[in-house]
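Fair warning: this is a prediction, and the values are worked out from it, not measured in the lab. A, B, ... follow the sequence lines: proteins, then strands. Residue 1 opens every chain.
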There are 2 protein chains.
Amino acid sequence: MRIGILADRAGTTVPTIRYYEQIGLLRPAIRQSGGQRIYDNEDVRRLRFVRACRAFGFPIDEVRALLSLTDDRSASCTEARDLAERRLVAVRRKLAELKALETSIAALVSTCNSTCAGGVATDCSIFEDLERREAPNRSLV
Amino acid sequence: MRIGILADRAGTTVPTIRYYEQIGLLRPAIRQSGGQRIYDNEDVRRLRFVRACRAFGFPIDEVRALLSLTDDRSASCTEARDLAERRLVAVRRKLAELKALETSIAALVSTCNSTCAGGVATDCSIFEDLERREAPNRSLV
DNA sequence: ATACCCCCTCAAGCCACTTGAGGTTCAAGC
DNA sequence: GCTTGAACCTCAAGTGGCTTGAGGGGGTAT
């Protein structure tokens, strides 16, 4: 199959596939006489796996590690589990940050609504709140 | 005061301040004879405001908008509130994504622990789960 | 032969900084 | 007055994970 079909089947885009090939995450595709890349069902499976890992938030380097684990009969399952566990910890940390952030922004909005809605912007409570900096420290998005 | 002091007082770094100046988020600093940037307390206030906005997750362009609102006597407070509300919606969306993600990854880990811990990596339940792609669609981090 | 879509490569752009190289300024101590 | 060393300067490139754009070739249906 050609690259556009692979992209559809794996739920991603053509440039992304070429990008993955370029950084060595997917092995170089076989080419037709005209230079066009040709893929098979195994490529669909691998690309889906990569996209699933990415959707789970694994960075590319960890996807690389996971990919190689899927082929390594000498590796232990605990390596995969440990990667997943570390991901889980990271996700939970981010979740806590984001919850605190949600609380803070909601407070920003509701204070403005109850004390100054419709007034002159320069006097808005949001600016006072932002200058007092009650925002949680967080890894900037 | 010099740039290093400003960085400390605003809880950020020297290169970040220069970067903000470069992109026009902070106005160009006055220079000493030797070329070194000099700041005053108003600069501390503005930089703190910028960092607070960033900590709240506002992208640079929105920080720019918020900064100009702080000075614009003809603007309405609702403009600031609307920006904050849109931010709140975005944060809540991300929060929902992250919660779903947490559930999925936790399932990944616990299935592995109960069915295959210590086995050969190639047979790990994590890979089966990832290939079945139960990950939520999400804006990739 | 023509139209048209899909494909190709290479390069640059995005966001918000961070890092590095290589050089200058300034305050303190001798 | 001289040396040291921290703090400063500029300019360029790197980070992650793609996306976008320019400019051209391949494949197939009419």
Quiz item: What's the CD-P distance between B:Q22 and C:dC17, to the nearest Å?
Solution: 13 Å
Self-check item: Length of the line joining A:D61:CG and D:dC18:P, which is rounded to integer Å
Solution: 12 Å
Quiz item: So, for B:A84 and A:V109, which heavy atoms are closest and what is the spacing to 0.1 Å?
Solution: CB-CG2, 3.7 Å
Practice problem: Report yes if at least one side-chain N or O of B:R18 is closer than 4.0 Å to OP1 or OP2 of D:dC9; otherwise report no. | Solution: yes
Quiz item: What ring pair (Phe, Tyr, Trp, His ring centres under 6.0 Å) pairs are there with at least one residue in residues 23-50 of chain A, not counting sequence neighbours?
Solution: A:F49-B:F127
Quiz item: With respect to the phosphate group of D:dC18, does any side-chain polar atom (N or O) of A:R51 fall under 4.0 Å of OP1 or OP2?
Solution: yes
Practice problem: Please check if any side-chain donor atom of B:Y20 sits under 3.5 Å from a side-chain acceptor atom of B:R51, or the reverse. | Solution: yes
Self-check item: Distance, rounded to the nearest Å, where A:E21 contributes CD and C:dT9 contributes P
Solution: 7 Å
Practice problem: Identify, between B:I38 and A:T12, the residue whose nearest nucleotide on DNA chain D lies closer to the 5' end. | Solution: B:I38
Quiz item: When you look at CD1 of B:I30, are more than 12 heavy atoms from neighbouring residues, nucleotides or ligands closer to it than 6.0 Å?
Solution: no
Self-check item: Between P of D:dC18 and CG of A:L26, the distance in whole Å
Solution: 11 Å
Quiz prompt | Rounded interatomic separation in angstrom, taking OH from B:Y19 and P from D:dC8 | solution = 21 Å
Quiz item: Within less than 4.0 Å of OP1 or OP2 of C:dC17, is there a side-chain N or O belonging to B:R54?
Solution: yes
Between the protein and nucleotides 23-28 of chain D, which nitrogen or oxygen pairs are less than 3.5 angstrom apart?
unit_1, atom_1, unit_2, atom_2, d
D:dG26, O3', A:Q36, OE1, 3.4

Exercise. Determine, for B:E131 against A:R45, whether the closest basic-nitrogen to carboxylate-oxygen distance falls under 4.0 angstrom.
Key: yes
Quiz item: Below 4.0 angstrom from OP1 or OP2 of D:dG17, is there any side-chain N or O of A:Y20?
Solution: no
Exercise. For B:F58 and C:dC15, give me the distance from atom CZ to atom C1', rounded to whole Å.
Key: 17 Å
Quiz item: Nearest-Å distance, CD1 (A:I30) to P (C:dC8)?
Solution: 14 Å
Quiz item: Does A:T13 have a side-chain nitrogen or oxygen under 4.0 Å from the phosphate oxygens OP1 or OP2 of D:dC18?
Solution: no
Quiz item: Under 4.0 Å between a side-chain N/O of A:R31 and OP1 or OP2 of C:dT9, yes or no?
Solution: yes
Exercise. Counting heavy atoms from C-beta on, name the nucleotide in D:dG17, D:dC8, D:dT20 closest to the side chain of B:I3.
Key: D:dC8
Exercise. For C:dT18, take OP1 and OP2 only and decide whether either is under 4.0 Å from a side-chain N or O of B:T16.
Key: yes
Self-check item: For B:S74, all residues meeting side-chain hydrogen bond (donor to acceptor under 3.5 Å, both in side chains), sequence neighbours excluded
Solution: B:D72
Self-check item: Heavy-atom side-chain contact between B:C116 and B:D123 under 4.5 Å
Solution: no
Self-check item: A:I5 CD1 to C:dC6 C1', straight-line distance once rounded to whole Å
Solution: 10 Å
